[in-house]
Amino acid sequence: QVQLVESGGGLVQAGGSLRLSCVASGRTFSRYTMGWFRQAPGKEREFVANIKSSGSDKTYANSVKGRFTVSRDNASNTVYLQMDSLKPEDTGIYYCAATAALGVLSTPVPYDYWGQGTQVTVSS
């Protein structure tokens, strides 16, 4: 069982930056691929980024590529999402998630564990 707790959300102006953190419980954090997803009001949850267990293999949604950076610290069971050059369309609830699955990991389906989410609001 893995419990995930996100933090770092808030209100920021367009062009600003935020850094989200997600702390995981348990001693097996390093074996999981960690993902970030977001959900805007009235929309489906969408993939933002993920990072494999080693930290060297990262995948980003096209909409955030070049602006967001995902990283992890296995020693502290933490995954981060650095968000720069934020746009109003980045507004939503951001969730971190964990999966031990292989294969395509850019949809919510393979992820077994989810945090409660943190709100990010970008004003224009």
- Item | Inter- and intrachain pairs under ring-ring contact (aromatic ring centres under 6.0 Å, His included), touching residues 36-65, at least two apart | Phe37-Phe47, Phe37-Tyr111, Phe37-Trp114

- Kindly give the heavy-atom pair with the smallest separation between Thr107 and Pro110, and that separation in Å. O-CD, 3.1 Å

- Task: May I ask you to decide if Glu44's main-chain N or O and Gln39's side chain share a donor-acceptor pair within less than 3.5 Å?
- Result: no

- Does anything in residues 28-41 pair up under salt bridge (charged side-chain N to carboxylate O under 4.0 Å, His left out), and if so which pairs, sequence neighbours excluded? Arg38-Glu46, Arg38-Asp90

- Message: Looking at Asp73 and Val79, would you say the former's side chain and the latter's main chain have a donor-acceptor pair under 3.5 Å?
- Response: no

- Item | Side-chain donor or acceptor of Thr78 paired with backbone N/O of Val23 under 3.5 Å | no

- Item | Within 6.0 angstrom of Gln3 CD, more than 12 heavy atoms from elsewhere | no

- Query: Taking atom CD1 of Ile51 and atom OG of Ser56, what is their separation to the nearest 0.5 Å?
  - Reply: 8.0 Å

- Listed partners of Ser106 passing side-chain hydrogen bond (donor to acceptor under 3.5 Å, both in side chains), at least two apart: none

- Message: If hydrophobic residues (ILVMFWY) are linked whenever their side-chain heavy atoms come closer than 4.5 Å, directly or via other members, who joins Val109 in its cluster?
- Response: none

- Message: Checking Ser124 now: which residues fulfil side-chain hydrogen bond (donor to acceptor under 3.5 Å, both in side chains) with it, not counting sequence neighbours?
- Response: none

- Is a side-chain N or O of Arg67 found less than 3.5 angstrom from the main chain of Met83, in a donor-acceptor match? no

- Query: Partners of Glu89 by side chain to side chain contact (heavy atoms under 4.5 Å, CB included), sequence neighbours excluded?
  - Reply: Lys87

- Kindly say whether Val70 contributes a backbone atom to a donor-acceptor pair with the side chain of Lys58 at under 3.5 angstrom? yes

- Query: What are the two closest non-hydrogen atoms of Ile93 and Gln119, and how far apart are they?
  - Reply: CG1-OE1, 3.3 Å

All N/O donor-acceptor pairs, side-chain side in residues 11-22, below 3.5 Å, sequence neighbours left out:
unit_1, atom_1, unit_2, atom_2, d
Ser17, OG, Asp84, OD1, 2.7

- Residues that Lys43 engages under side-chain hydrogen bond (donor to acceptor under 3.5 Å, both in side chains), provided they are two or more places apart: none

- Item | Donor-acceptor pair, side chain of Thr118 and main chain of Gly9, under 3.5 angstrom | yes

- Members sharing Val104's hydrophobic cluster, built from side-chain contacts under 4.5 Å between Ile, Leu, Val, Met, Phe, Trp and Tyr, are none

- Would you please name every residue forming a side-chain hydrogen bond (donor to acceptor under 3.5 Å, both in side chains) with Ser123, sequence neighbours left out? none

- Can you run down the salt bridge (charged side-chain N to carboxylate O under 4.0 Å, His left out) pairs that involve residues 109-124, sequence neighbours left out, and say none if there aren't any? none

- Can you name the nearest heavy-atom pair linking Leu81 to Ala49, along with the distance? CD1-CB, 4.4 Å

- Item | Listed once per pair and sorted, the ring-ring contact (aromatic ring centres under 6.0 Å, His included) pairs that draw on residues 65-106, sequence neighbours left out | none

- Message: Could you report the tightest heavy-atom contact between Arg45 and Pro108, atom names first, then the distance?
- Response: O-CG, 4.1 Å

- Message: Once rounded to the nearest 0.5 Å, what's the spacing between atom CG of Asn50 and atom CG of Leu105?
- Response: 6.0 Å

- Note on the structure: Scanning both residues in full, the closest heavy-atom pair of Thr33 with Lys52 reads OG1-CD, 3.1 Å

- Could you tell me which non-hydrogen atom of Phe29 sits nearest to which non-hydrogen atom of Asn74, and how far apart they are? CE2-OD1, 3.1 Å

